[in-house]
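Comments concern the structure below.
Heads up: numbering here begins at 1 and tracks the sequence.
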Amino acid sequence: MSLELSYELMALLFAVAALAGFIDAIAGGGGLITIPALMWAGLPPTAALATNKLQACGGSFFASFYFVRKGMVDLSKMKLAICCAFLGAALGTVAVQLIDASVLKLLLPFLILAIGCYFLFSKSISEEDKHQVMSPTLFGLTAALGVGFYDGFFGPGTGSFFALAFVSLAGYGLAKATAHAKVLNFSTNIASLIFFALGGKVLWLLGGVMLLGQAIGATLGSRMVVTKGSKIIRPLVVTMSIAMSGKLLLEHYL
């Protein structure tokens, strides 16, 4: 698929992607910024979603790379969760083409708002690891697979769902949960991108330009996670959860 875009518009979308990458590395919800921007630029909805997955791969990869390099993530212990998240996203991408997602669209704003309230009011969230509810194997086969399926099926708030799972089920501290969530989000982004690419929906040049912006923003955002931890993650997760819920409710009811 091709679309004529001016250099000025490409530069603007590059900047939008950088901002989204910064926010997404910390709290998730970067698609709340990039998808409307892509549709404003004139992309059809499917092309906007597909191109967004390409540029999101850049942000989630560089954020993941930074967290791994800083020793916050041990990939050898995440192999099963990564594979399950990938498989879930692939299945979700296929399922969304066969199943009516209207019920999910109705429930999703309230689910995301609930996540924001959890991060706002829960006293158990901190930088310290807590009691582990699930083994890594069970976590991969349930939470990673389930959230991965959701990302392929619909998508908004995936990073927040992964972070919540790591905090509440794996017992991770907030910064550690954010780092691990980004690794799984990269896996789900790759899976969805493959299926979109097979359908010829991706604008590769525009997505590549935005990917560079995402890389810069995600690297800066990842550094903020490492240095500031819950001081910046918690309020930004709450803010993005409220913003995503409001946007989805407006789209559904207006």
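- Aromatic ring pairs are classed by plane angle as parallel below 30°, tilted from 30° to 60° and perpendicular above 60°; the pair Phe149 and Phe153 is parallel.
- Side-chain atoms of Ile33 and Phe22, non-hydrogen and from C-beta on, never get closer than 4.5 Å to each other.
- Under the 4.5 Å side-chain heavy-atom criterion for ILVMFWY residues, no single connected hydrophobic cluster contains both Met224 and Phe61.
- Asp24 is listed as a side-chain neighbour of Lys182, based on a closest heavy-atom distance under 4.5 Å.
- Between atom OG1 of residue Thr34 and atom CG of residue Leu19 there is a gap of 10.0 Å, rounded to the nearest 0.5 Å.
- Here the closest non-hydrogen pair linking Ser64 and Phe186 is OG-CB, 4.1 Å.
- By the 30° and 60° cut-offs, the orientation of the rings of Phe161 relative to Tyr150 is perpendicular.
- Closest approach of Ala143 to Phe162, counting heavy atoms only: O-CE2, 4.4 Å.
- Residue Thr51 holds its OG1 atom at 8.5 Å from CE of Met210, rounded to the nearest 0.5 Å.
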- [ ] Evaluate the side chain to side chain contact (heavy atoms under 4.5 Å, CB included) criterion for residues Thr178 and Ile26: first the C-alpha distance (whole Å), next the side-chain angles of each, then the deciding distance (0.1 Å), finally the verdict.
- [x] CA-CA 7 Å; Thr178 300; Ile26 300 171; 5.8 Å; no
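- We find the CZ-CG distance between Phe86 and Leu91 to be 10.5 Å, quoted to the nearest 0.5 Å.
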Problem set entry | Chi angles and distances behind the side chain to side chain contact (heavy atoms under 4.5 Å, CB included) call for Met134, Leu141 | CA-CA 10 Å; Met134 286 185 175; Leu141 295 173; over 6 Å; no
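- Atom CZ of Phe62 has 12 or fewer neighbouring heavy atoms from other residues, nucleotides or ligands inside a 6.0 Å radius.
- Listed by first and then second residue, the side chain to side chain donor-acceptor pair (under 3.5 Å) pairs involving residues 9-19 amount to none (not counting sequence neighbours).
- Taking each heavy atom of Ser60 and Asn189 in turn, the nearest pair found is OG-ND2, 3.2 Å.
- Taken from CG in Leu38 to CG in Leu203, the straight-line distance is 8.5 Å, to the nearest 0.5 Å.
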Query raised in the report: Can you list the steps and then say if Trp40 with Val16 is a side chain to side chain contact (heavy atoms under 4.5 Å, CB included)?
Result: CA-CA 12 Å; Trp40 170 80; Val16 167; over 6 Å; no
Please list, one pair per line, the donor and acceptor atoms closer than 3.5 Å that link side chains of residues 66-75 to other protein atoms, with sequence neighbours excluded.
| residue | atom | partner | partner atom | Å |
| --- | --- | --- | --- | --- |
| Asp74 | OD1 | Ser76 | N | 3.1 |
| Asp74 | OD1 | Ser76 | OG | 2.6 |
| Asp74 | OD2 | Ser76 | OG | 3.3 |

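- Between Cys84 and Gly140, the shortest heavy-atom distance links the atoms CB-O, 3.0 Å.
- The shortest distance between side-chain heavy atoms of Cys57 and Ile190 falls below 4.5 Å.
- Counting only distance, with no hydrogens or angles, the side chain of Thr188 and the backbone of Ala89 share no donor-acceptor pair below 3.5 Å.
- Closest approach of Leu193 and Ala50 over heavy atoms only: CD1-O, 4.2 Å.
- Using a distance-only test at 3.5 Å, with no hydrogens or angles considered, no donor-acceptor pair links the side chain of Asn52 to the main chain of Ala48.
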Would you check, one step at a time, whether the test side chain to side chain contact (heavy atoms under 4.5 Å, CB included) holds for Leu49 with Lys201? CA-CA 9 Å; Leu49 291 171; Lys201 303 298 184 180; over 6 Å; no
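- Residue Phe196 is grouped with residue Leu54 when hydrophobic side chains (ILVMFWY) are merged at heavy-atom distances under 4.5 angstrom, including chains of intermediate members.
- The shortest distance between side-chain heavy atoms of Lys53 and Val202 does not fall below 4.5 Å.
- With a 4.5 Å cut-off on side-chain heavy atoms, Leu13 and Val209 do not count as touching.
- Two residues are said to be in side-chain contact when any heavy atoms from C-beta on lie closer than 4.5 Å; Ile216 and Leu212 fail this criterion.
- Nearest heavy-atom pair across Ser192 and Gly152 is OG-CA, 3.7 Å.
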